[in-house]
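Step one of this worksheet: look at the structure below.
These numbers come from a predicted model, not from an experiment. Just follow the structure's listing: the first ligand is 1, and inside any ligand the first atom is 1.
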Amino acid sequence: MTPKISKPQSTDVPRERSKKPKFIFQAPKGMHDLLPLDQPWWERIRRVLTDVAEFYNFTRIDTPILEDAALFERGVGAGTDIVEKEMYVLKTKGGDRLALRPEFTASIIRAYLEHGMSRLPQPTKLYYFGPVFRHENPQAGRYRQFYQAGFEIVGGESDPVYDAQVILTTCRFIEELKIKNLTVQVNTIGCKVCRQNYKRKLQLYYRSKISSSGKKGEGICKDCERRIETNPLRLLDCKTPSCQPIKEQAPSILDHLCTTCNNHFKQVLEFLDEIPLAYTLNPRLVRGLDYYNRTVFEVFAEGFDVALAGGGRYDYLGEMIGSRVIPAVGSSLGIERLIEVMKTVQIPLPRHKGKVFFVHIGELARKKSLPIIEEFRKAEIDIQEALGKDSLRAQLKVANDKHSPIALIFGQREAFEESIIVRDMRTGVQESVPIVKIVEEVKRRLSMKVDATPLKVAPKK
Ligand code: HAM
């Protein structure tokens, strides 16, 4: 069976909501808390994002969550679902019309222009991570507040190598999260000129498919009838079953490209052929934002029916928001979807290895523990403790679970003698060291390589 993305919820915390009679406040519909038990997933995503972005020379940008609503109306397109139906717009006390950003790309171009980034060496490669807002019908994999990460290459030439590089970076990021078997669907939607010609062909074709009887199930659906005039490319996005055979027979954009767009697309595919990446050509892929030209793409994980990432070239966006044509290409990824896939296919998170584990025995030792631990923090040595746990067994179990190579054992006798027992968890050997020398001793041991198989500690009371 095809695994589908399930509803957002922590896998670890039971949901109490349905049992309790009434809550005064709940998170708004389609929005969710990121609970402590889920934070390791988010932390993992942020780390991998930074590593991959820096490897491919992208630098981080953060833009405001609120923007002038007109930026998206002009950039994403007034007739798109995102702007027409899904944008959260508010009026400030000062009378400004602001929108909670429904995506990042328009903000990136706004910031690029506002800060004169074209004066930097071109192209400018930017990446980002943060929440976006769309008033959609919440369902599996579709929320009203969700997080996006993204990569944008802005400025320079409209060079196909950048289209391929954005696709490559997007896929590497997903693969670094250990999600395997990706498929990239790629298409081109041409430029202003060849697309106009194609749209006319599409309109002609679809007009001939309007049912003359007006009966439901005959001809195209009512939404498609409307789209013929308002947004003909979106006809190719229709999911209504009765429209599918009609869509299959529709004229293909690939037969209507101008020479420049045709060459551009050919080169993108040639670059993709050079890298180990599974892509398929989908001439029906159009995407739901108005700013695209030429290359568009979406990335899927095997067995999941929602896109993990989407993007494309958007050379006209600068012009659409009142400036000039700025060659640009980029992609965004849905973070909740990535995490749901990682959880569904049970990708383990890398375990954080604490270097040193501090074990206390008895109340006197516990009282004197904090300043010792502070010395390690000052020396920037990763030290963990379980000061809330009393039994030696429970503490050594935590040390074991954390795979700490060294345990420091501090009991009543050690507190009196101002010493501490250093136990090498890999060899089981332990010795007493004066407290004043403990940090140096641990540093020395951590820099040593011990050639022994890890010892399973069976803690005793
Ligand atoms: P988008 O396809 O609208 O593109 O969104 C990108 C990704 O965000 C999707 O592939 C999906 O993973 C995630 N996503 C979208 N809507 C939702 C939702 N309601 N709930 C959860 N996840 C969602 C853009 O936003 C463009 N700005 C991409 C781009 C960047 N194009 C050029 N540069």
Side-chain angles (χ1 to χ4, degrees), residues 5-8 29-32 45 58 61 63 67 71-72 75-77 80-83 85-88 100-110 112 123-154 162-163 165-167 169-171 173-174 177 179 182-185 187 189 234 237 285-301 304-318 320 326-342:
I5 286 184
S6 57
K7 281 209 157 180
K29 194 174 166 192
M31 305 190 178
H32 46 272
I45 299 258
F58 287 81
I61 183 166
T63 58
E67 294 270 7
L71 173 69
F72 302 110
V76 175
T80 58
D81 282 355
I82 293 180
V83 170
K85 302 181 188 160
E86 298 166 4
M87 204 156 70
Y88 288 85
L100 282 171
R101 65 179 172 213
E103 59 112 45
F104 275 88
T105 311
S107 308
I108 300 297
I109 294 296
R110 195 264 309 135
Y112 177 89
T124 307
K125 294 168 91 178
L126 303 165
Y127 81 98
Y128 49 84
F129 177 90
V132 293
F133 304 83
R134 296 184 190 174
H135 194 268
E136 296 202 62
N137 216 1
Q139 49 187 290
R142 201 166 288 283
Y143 318 120
R144 289 184 174 170
Q145 177 182 332
F146 58 97
Y147 280 70
Q148 281 190 342
F151 307 99
E152 313 285 351
I153 302 183
V154 187
Y162 298 132
D163 307 39
Q165 208 175 37
V166 160
I167 296 175
T169 310
T170 307
C171 291
F173 171 46
I174 305 175
L177 295 169
I179 298 175
L182 303 181
T183 311
V184 186
Q185 295 195 5
N187 191 24
I189 53 167
R234 302 287 292 164
D237 233 9
L285 180 69
V286 286
R287 311 260 310 130
L289 302 96
D290 275 358
Y291 49 60
Y292 291 115
N293 65 306
R294 296 190 177 154
T295 317
V296 286
F297 66 92
E298 283 183 345
V299 184
F300 292 84
F304 292 87
D305 53 6
V306 289
L308 296 182
R313 177 160 285 286
Y314 53 96
D315 299 343
Y316 304 134
L317 178 52
M320 288 160 80
I326 303 164
V329 57
S331 75
S332 311
L333 302 103
I335 304 303
E336 284 79 357
R337 292 187 185 181
L338 290 171
I339 291 178
E340 288 297 330
V341 172
M342 288 165 78

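Close approach of ligand 1 to Y314 (heavy-atom distance below 4.0 Å) involves ligand atoms 32 (C), 33 (N). Residue contact check: G311 has heavy atoms under 4.0 Å from atoms 29 (C), 31 (N) of ligand 1. Annotation for ligand 1: atoms under 4.0 Å from non-hydrogen atoms of E152 are 30 (C), 32 (C), 33 (N). Within the listing of ligand 1, atoms 10 (O), 12 (O) sit less than 4.0 angstrom from a heavy atom of L308. The G310 neighbourhood of ligand 1 comprises atoms 10 (O), 28 (C), 29 (C), with distances under 4.0 Å to a heavy atom of that residue. Every atom of ligand 1 is numbered from 1 in the order shown, and the set under 4.0 Å from a heavy atom of A309 is 10 (O). Distances below 4.0 Å separate heavy atoms of R142 from the following atoms of ligand 1: 18 (C), 19 (N), 20 (N). Within ligand 1, the atoms closer than 4.0 Å to a non-hydrogen atom of E103 are 25 (O), 26 (C), 27 (N), numbered from 1 in the order shown.
Taken to the nearest 0.5 Å, the CG atom of N187 stands 10.5 Å off from the CD atom of E298.
The heavy atom nearest to atom 20 (N) of ligand 1, considering only F104, F133, Y143, is found in Y143. The option from F146, Y291, Y147 that lies nearest to atom 22 (N) of ligand 1, judged by heavy atoms, is F146. The heavy atom nearest to atom 5 (O) of ligand 1, considering only H135, Q148, E136, is found in Q148.
Looking at Q145, its side chain never comes within 3.5 Å of a backbone N or O of G30 through a donor-acceptor pair. A donor-acceptor contact shorter than 3.5 Å links the side chain of R337 to the backbone of G141. With hydrogens and angles ignored, the 3.5 Å screen pairs a side-chain donor or acceptor of R101 with a backbone N or O of T63.
In this structure, Y143 and H32 have perpendicular ring planes: the angle between them is above 60°, well past the 30° mark.
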**OP:** Could you walk me through whether Y88 and R144 pass the side chain to side chain contact (heavy atoms under 4.5 Å, CB included) test, one step at a time?
**Re:** CA-CA 10 Å; Y88 288 85; R144 289 184 174 170; 3.4 Å; yes

Original post:
Stepwise, does the side chain to side chain contact (heavy atoms under 4.5 Å, CB included) test hold for V286 with V296?
Top reply: CA-CA 7 Å; V286 286; V296 286; over 6 Å; no

Subject >> Step-by-step side chain to side chain contact (heavy atoms under 4.5 Å, CB included) determination, F72 to L289 >> reply: CA-CA 10 Å; F72 302 110; L289 302 96; over 6 Å; no

**OP:** With side chain to side chain contact (heavy atoms under 4.5 Å, CB included) as the test, would you mind laying out the steps for D290 and Y316 before giving the verdict?
**Re:** CA-CA 10 Å; D290 275 358; Y316 304 134; over 6 Å; no

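Within the 4.0 Å heavy-atom criterion, neither part of V306 lies near ligand 1.
Side-chain contact between F146 and V132: present, with at least one pair of heavy atoms (C-beta onward) separated by less than 4.5 Å.
A salt bridge does not link E103 to R134: none of the charged side-chain nitrogens sits closer than 4.0 Å to a carboxylate oxygen.
Ligand 1 lies out of reach of R144, whose nearest heavy atom is not under 4.0 Å from it.
Here's the thing with R287: one of its N/O atoms is less than 3.5 angstrom from an N/O atom of ligand 1. Looking at ligand 1, you'll find an N or O of G334 within less than 3.5 Å of one of its N or O atoms.
Of all protein heavy atoms, the one lying nearest to atom 11 (C) of ligand 1 is R337 NH1, 3.4 Å. Atom 28 (C) of ligand 1 has its closest protein heavy atom at S332 OG, 3.2 Å. Of the protein's non-hydrogen atoms, the one nearest atom 31 (N) of ligand 1 is Y292 OH, 2.6 Å. Here the heavy atom of the protein found nearest to atom 32 (C) of ligand 1 is G330 O, 3.3 Å. The protein heavy atom nearest to atom 21 (C) of ligand 1 is G141 O, 3.3 Å.
Among Y128, F104, F133, F129, the one residue that satisfies the ring-ring contact (aromatic ring centres under 6.0 Å, His included) test with Y147 is F129.
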